[in-house]
2 protein chains.
Amino acid sequence: MSYTLPTDSELEILQVLWANGLCTVRFVNDKINEHREVGYTSTLKTMQLMMDKNMLDRVIEERTHYYKAALAEETTQKSLLDEFVASTFRGSASSLVLRMLGDGDTNLDEIQKIKAIISEFENQNQNL
Amino acid sequence: MSYTLPTDSELEILQVLWANGLCTVRFVNDKINEHREVGYTSTLKTMQLMMDKNMLDRVIEERTHYYKAALAEETTQKSLLDEFVASTFRGSASSLVLRMLGDGDTNLDEIQKIKAIISEFENQNQNL
DNA sequence: ACAAAGGTACGATATAAATCGTAGGTTCAA
DNA sequence: TTGAACCTACGATTTATATCGTACCTTTGT
């Protein structure tokens, strides 16, 4: 029931957990260090705070602590997206899309996928 | 030439300036206070810091200070969007779109606009 | 002429987030 | 059996941001 959005480093941790399921702190920290340098205890501390906020669940097995995300990826992304559209695009989802396609740097493969998603959406909503 | 992204309250100020052109601090602060309470001097201070960062330009006319955005709306939104897609959707623009259409709460009018943007984009890129 | 109303400048402070050091526990191999 | 290499817990600190108080201007109405 936590409606506070994850912070940047919380999100970074959630991404690892969403992509990998049950993980140790060591694993999460190693993954993050593939992108930027951060100490093990920093990651640990953040994950402990996330436990307090009920953003993570912990399973202890054979004395090893495993963590997994307690927040669903879909709903968390949706909340962050809504917030982002509001603050950056004054609430207009369509201007986000416009900006996304605007300059040529979104890759073609992604654009194909987006078109597919839109058609799919249309088919499922013929009633509109 | 500033490539640091605006913070939340900087963005809030930029939105007012993008939407309204030349503004006084008073005007910007009043606009923001339509949404949340914040003191005049807080807004002033933030705008002065933004001046230091070259995010704003100032015009003094008849002893009144007017400010305008020195950052373009389009490029700033694009930078913020890229950052957001990276951190929240692991770089996948299409999964952002999927999430956007996912549950029924993006309004139909916006969806129509998005479809129009996509078709427009296709027409302008028949070569793809 | 001066008080009230409004402005700017800017230091100080508050708040939130992220980072890390250190203490102390467990495991395991030499 | 001891020390190296792991681990967890957690307080303290750092950093970035946001907020505000206060000093000191200028303008304007009476």
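Chain A is the first sequence line, chain B the second, and so forth, proteins listed ahead of strands; every chain is numbered from 1.
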Visitor: Which nucleotide wins on minimum distance to the side chain of Thr41(B), given the candidates dA9(D), dC20(D), dA18(D)?
Guide: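 Of all the options, the side chain of Thr41(B) is nearest to dC20(D).
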
Visitor: In this structure, how many angstroms lie between the P atom of dC20(D) and the CE atom of Met47(B), rounded?
Guide: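 To the nearest whole Å, that distance equals 17 Å.
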
Visitor: I want to check one thing: is the phosphate of dT19(C), taken as OP1 and OP2, less than 4.0 Å away from some side-chain N or O of Thr46(A)?
Guide: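 Thr46(A) to dT19(C) OP1/OP2: no side-chain N or O under 4.0 Å.
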
Visitor: Return no unless some side-chain N or O of Ser42(A) is found under 4.0 Å from OP1 or OP2 of dC20(C).
Guide: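 So the side-chain polar atoms of Ser42(A) do come within 4.0 Å of the phosphate oxygens OP1 or OP2 of dC20(C), strictly under.
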
Visitor: What's the spacing between Gln15(A) CD and Glu12(A) CD if we round to 0.5 Å?
Guide: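 Answer rounded to 0.5 Å: 9.0 Å.
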
Visitor: Does a salt bridge link Glu73(B) with Arg90(A), judged by any charged N lying under 4.0 Å from a carboxylate O?
Guide: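 So Glu73(B) pairs with Arg90(A) through a salt bridge.
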
Visitor: Write down the distance between NE2 (His65(A)) and P (dT27(C)), rounded to a whole number of angstrom.
Guide: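 Result: 12 Å.
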
Visitor: Taking atom P of dA17(C) as reference, at what distance in whole Å does atom CG of Leu11(A) sit?
Guide: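 Distance, rounded to whole Å: 13 Å.
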
Visitor: Hey, are Thr88(A) and Gln77(B) close enough side-chain-wise for a donor-acceptor pair under 3.5 Å?
Guide: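 No, no side-chain donor-acceptor pair sits under 3.5 Å.
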
Visitor: Whole-Å distance between dG21(D) P and Leu44(B) CG?
Guide: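 Interatomic distance, CG of Leu44(B) to P of dG21(D): 14 Å.
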
Visitor: Of all the nucleotides listed (dC20(D), dT26(C), dA18(D)), which has the minimum atom distance to the side chain of Arg63(A)?
Guide: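 Of dC20(D), dT26(C), dA18(D), dT26(C) is nearest to the side chain of Arg63(A).
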
Visitor: Applying side-chain hydrogen bond (donor to acceptor under 3.5 Å, both in side chains), can you list everything that pairs with Ser95(A), at least two apart in sequence or on another chain?
Guide: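 Partners of Ser95(A) under the side-chain hydrogen bond (donor to acceptor under 3.5 Å, both in side chains) test: Ser92(A).
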
Visitor: Taking atom C1' of dA9(D) as reference, at what distance in whole Å does atom CE of Met51(A) sit?
Guide: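 One finds 13 Å between C1' of dA9(D) and CE of Met51(A), rounded.
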
Visitor: I need the NZ-C1' distance between Lys53(A) and dA18(C), as an integer number of Å.
Guide: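 Distance check: Lys53(A) NZ to dA18(C) C1' gives 11 Å.
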
Visitor: Please write out the pairs of protein N or O atoms and N or O atoms of nucleotides 2-6 of chain D separated by less than 3.5 Å, giving the distance to one decimal.
Guide:
none

Visitor: I need the Ile111(B) CD1 to Leu101(B) CG distance, nearest 0.5 Å.
Guide: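 One finds 5.5 Å between CD1 of Ile111(B) and CG of Leu101(B).
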
Visitor: Tell me: CG of Asp8(A) to P of dT15(D), nearest whole Å?
Guide: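 Going from Asp8(A) (CG) to dT15(D) (P), I get 18 Å.
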
Visitor: Measure CG/Leu49(B) against C1'/dA16(D) and give the value in whole Å, please.
Guide: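 Roughly 12 Å, once rounded to whole Å.
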
Visitor: Just how far is it from atom CD1 of Ile13(A) to atom CG of Leu56(A), taken to the nearest 0.5 Å?
Guide: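 If I round to the nearest 0.5 Å, the distance is 7.5 Å.
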
Visitor: Determine the interplanar angle of the Phe84(B) and Phe84(A) rings, folded into 0 to 90°, and report it as parallel if under 30°, tilted if 30 to 60°, perpendicular if over 60°.
Guide: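 The arrangement is parallel - the two ring planes meet at less than 30°.
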
Visitor: I want to verify a distance call: between dA18(D), dA9(C), dC20(D), whose nearest atom is closest to the Lys45(B) side chain?
Guide: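 The closest nucleotide is dC20(D).
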
